[in-house]
Amino acid sequence: MPFGLVIPLGLLCALLPLHHGAPGPEGTAPDPAHYRERVKAMFYHAYDSYLENAFPYDELRPLTCDGHDTWGSFSLTLIDALDTLLILGNVSEFQRVVEVLQHNVDFDIDVNASVFETNIRVVGGLLSAHLLSKKAGVEVEAGWPCSGPLLRMAEEAARKLLPAFQTPTGMPYGTVNLLHGVNPGETPVTCTAGIGTFIVEFATLSSLTGDPVFEDVARVALTRLWESRSDIGLVGNHIDVLTGKWVAQDAGIGAGVDSYFEYLVKGAILLQDKKLMAMFLEYNKAIRNYTRFGDWYLWVQMYKGTVSMPVFQSLEAYWPGLQSLIGDIDNAMKTFLNYHTVWKQFGGLPEFYNIPQGYTVEKREGYPLRPELIESAMYLYRATGDPTLLELGRDAVESIEKISKVECGFATIKDLRDHKLDNRMESFFLAETVKYLYLLFDPTNFIHNNGSTFDAVMTPYGECILGAGGYIFNTEAHPIDPAALHCCRRLKEEQEEVEDLMREFYSLKRSRSRVQRKTMSSGPWEPPAGPGTLSSPENHEEAREKKPAKQKISLLSCPSQPFTSKLALLGQVFLDSS
């Protein structure tokens, strides 16, 4: 498909006609209004339980009715649930939570945080809430959306992540200490998704603040991954960010890789970037050539294309939704229906499903209430209006309520075979699972706006149009208004103009100095990039050419390993990275 046709399909899928299913029993289209209210009740049961039993901790432990910190002590569930509140229409609670976050969240803490998770959940959640604040009735400050307390919080959180990108390759470490930067003993091995999942949030942040450093580091990381692909066009699962050597060489579309592909497409749509889309389309060819078997996608050796693990992972269920964004609806529906049969078999998607055996994989039988299949159903329903897609939504509501609902929220399903529960409710349940379910059953939600309404906002840089639709969801389901990236552009252009003038001034000054002293000048002025400062993409290129010291690496993937032992080892990698 030509690139020019791809972007409108992604942005305008909300324009396609919808067909409304009538209420009815199993086998007929579910009633959207009925299930919309059921989903709303699910949200408040979980949300109220968190507030009553777990706040200010990151997450709720639903079996013991208490809380615990998981990803960094940010009151994470509150940040993750904020834009869901507005999508459900609760503007008063949105306004209250904005005040609570401003007074209670501190990023200047001695905590080791996941760079990936902090970005998608915290930075993404704050950016989305910032851009939705005016719609939620929050009294925004002068200069919004180019300024505001939530934007400043998002920027502060993102700056805490920047030291992770100071590597010879420009690919970030997986963990950073929010107070001290990267720990000296930090492992250099990072999953592919942990490197390639920044462009949506960081480009948005650069556009709103006028500071290009965020988008720059995200683009360098994407470029380095692209340059590291194998001769047959595939990327592995984990890479050493110091040496650029692949540590886990299994290629697929699931855990450890998934959101890298997602962000190439969504970054292309958000930024109207042909290069990012061209990268994805090249990957898509290799994925279809080497990992697709029928309408399933397996794991293969990235250099040879030979099957290494014949499994389906629940995290792979985002793929049909991604396919819909590039207009590949037929293949998306076929794959979606495959995944839906697995859901029907167990009442949820097990983390790993052995395709040849048609059953779960040992120690990977759980379902932590993930959103990916529901996400794909929402995208495909918006694109096709096929009422059979609502059946997945119905199945999800019925099974989650029946299996995982407890007195204090909803508990992770530890084992889909006997429905045993685990004492955790991840923040993504409110950020993604409930949100996508609600949007599936709410065709008139403002998120689905087709451009017929919009808000004209005056900024210090001119008039700006917001709220017209075409929202881009980050991988944590936080919607970003693409129009907002054009609201503050003059700020960035003025900054670049000043930098150009400074370079010209210092170049002229040095040129005159050469004439006076008749000595060689060191060249035009450039911003310093010494120790402790972030280098530019050009500096990253120079650093990449330097040969780092050789390190002994314990390979996580080995062709001689039997499938069961390899799965045990790689499964742990996938589990940790997800």
Side-chain angles (χ1 to χ4, degrees), residues 8 10-20 32-33 35-40 42-44 47 79-98 124-140 144-145 148 150-151 200 204 208 266 269-270 321 324-325 371 374-375 377-383 385 390 393 430-457 463-474 476-487:
L11 286 175
L12 301 179
C13 63
L15 297 176
L16 295 172
L18 296 178
H19 306 281
H20 303 288
Y35 280 98
R36 186 165 61 245
E37 293 306 309
R38 293 269 299 273
V39 174
K40 185 180 288 190
M42 287 173 62
F43 173 85
Y44 285 113
Y47 181 75
I79 295 175
D80 246 356
L82 185 50
D83 51 33
T84 309
L85 284 166
L86 183 59
I87 286 172
L88 267 61
N90 194 337
V91 295
S92 60
E93 181 64 4
F94 183 100
Q95 294 169 9
R96 186 190 75 83
V97 172
V98 167
L126 291 171
L127 282 174
S128 178
H130 163 72
L131 293 174
L132 293 172
S133 291
K134 189 175 178 67
K135 187 171 189 64
V138 174
E139 188 175 343
V140 298
W144 181 90
L150 295 181
L151 176 60
V200 169
T204 300
L208 295 178
K266 291 182 175 179
I269 297 172
L270 182 69
S324 76
L325 286 179
I374 302 163
E375 172 187 359
M378 191 276 290
Y379 275 113
L380 285 169
Y381 185 60
R382 297 304 304 172
L390 297 178
L430 294 180
E432 301 185 76
T433 308
V434 171
K435 182 183 294 167
Y436 284 131
L437 272 173
Y438 191 80
L439 289 173
L440 175 63
F441 291 118
D442 189 21
T444 61
N445 196 278
F446 76 88
I447 287 291
H448 299 317
N449 186 8
N450 61 9
S452 58
T453 62
F454 56 86
D455 297 316
V457 179
E463 188 177 56
C464 180
I465 301 299
L466 292 173
Y471 291 91
I472 304 298
F473 287 96
N474 86 335
E476 189 76 2
H478 295 304
I480 301 294
D481 188 340
L485 274 67
H486 305 281
C487 290

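- With sequence neighbours excluded, the residues forming a side-chain hydrogen bond (donor to acceptor under 3.5 Å, both in side chains) with Ser128 are Asp83, listed by chain and number.
- Using modelled atom types, no side-chain atom of His478 and backbone atom of Leu126 make a donor-acceptor pair closer than 3.5 Å.
- The CZ atom of Arg382 lies 4.5 Å from the NE2 atom of His448; values are rounded to the nearest 0.5 Å.
- Every residue was checked against the salt bridge (Lys or Arg N to Asp or Glu O under 4.0 Å) condition with Asp481, not counting sequence neighbours, and none meets it.
- A distance of 10.5 Å separates OG1 in Thr453 from CZ in Phe446, rounded to the nearest 0.5 Å.
- His130 places a side-chain heavy atom less than 4.5 Å from the side chain of Pro145.
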| query | Could you walk me through whether Cys487 and Val457 pass the side chain to side chain contact (heavy atoms under 4.5 Å, CB included) check? | reply | CA-CA 9 Å; Cys487 290; Val457 179; over 6 Å; no
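- Evaluation of the side-chain hydrogen bond (donor to acceptor under 3.5 Å, both in side chains) rule for Arg36 yields no partner, not counting sequence neighbours.
- Aromatic ring pairs are classed by plane angle as parallel below 30°, tilted from 30° to 60° and perpendicular above 60°; the pair Tyr35 and Phe441 is parallel.
- Taking 4.5 Å as the limit, every side-chain heavy atom of Pro482 sits out of range of all side-chain heavy atoms of Ile269.
- Atom CG of Leu270 is separated from atom CG of Leu485 by 5.0 Å, given to the nearest 0.5 angstrom.
- Taking the side chain as every heavy atom from C-beta outward, Leu439 and Phe473 approach each other to under 4.5 Å.
- The two residues Pro32 and Leu390 make their nearest non-hydrogen contact at CG-CD1, 4.2 Å.
- Using a distance-only test at 3.5 Å, with no hydrogens or angles considered, a donor-acceptor pair links the side chain of Gln95 to the main chain of Ala136.
- Residues meeting the ring pair (Phe, Tyr, Trp, His ring centres under 6.0 Å) test with Tyr438, sequence neighbours left out: none.
- Separation of atoms NZ (Lys40) and CZ (Phe43) is listed at 10.5 Å; rounding is to 0.5 Å.
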| message | Applying side chain to side chain contact (heavy atoms under 4.5 Å, CB included) to Lys134 and Asp455, what does each step give before you reach the verdict? | response | CA-CA 10 Å; Lys134 189 175 178 67; Asp455 297 316; 5.8 Å; no
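- Here Lys435 contributes atom NZ and Asp442 contributes atom CG; the two are 13.5 Å apart, rounded to the nearest 0.5 Å.
- The minimum heavy-atom distance linking Leu150 with Ser133 is given by the pair CD1-OG, 3.8 Å.
- The environment of OH in Tyr44 is crowded: more than 12 heavy-atom neighbours from other residues, nucleotides or ligands sit within 6.0 Å.
- Among Leu131, Leu132, Leu127, Ile472, the single residue meeting the side-chain contact (heavy atoms from CB on, under 4.5 Å) criterion with Pro479 is Leu132.
- Remark: the backbone N or O of Val200 is not paired with any side-chain donor or acceptor of Asn474 at under 3.5 angstrom.
- Looking only at side-chain heavy atoms (C-beta outward), Leu466 and Trp144 come within less than 4.5 Å of each other.
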| said: Working note: Thr84 + Leu86, criterion side chain to side chain contact (heavy atoms under 4.5 Å, CB included); need CA distance, chi angles, decisive distance, verdict. | reply: CA-CA 5 Å; Thr84 309; Leu86 183 59; over 6 Å; no
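- With sequence neighbours excluded, no residue forms a ring pair (Phe, Tyr, Trp, His ring centres under 6.0 Å) with Phe94.
- The structure places CD1 of Ile480 at 10.5 Å from NZ of Lys266, a figure rounded to the nearest 0.5 Å.
- Under the side-chain hydrogen bond (donor to acceptor under 3.5 Å, both in side chains) criterion, Tyr47 pairs with Glu93, not counting sequence neighbours.
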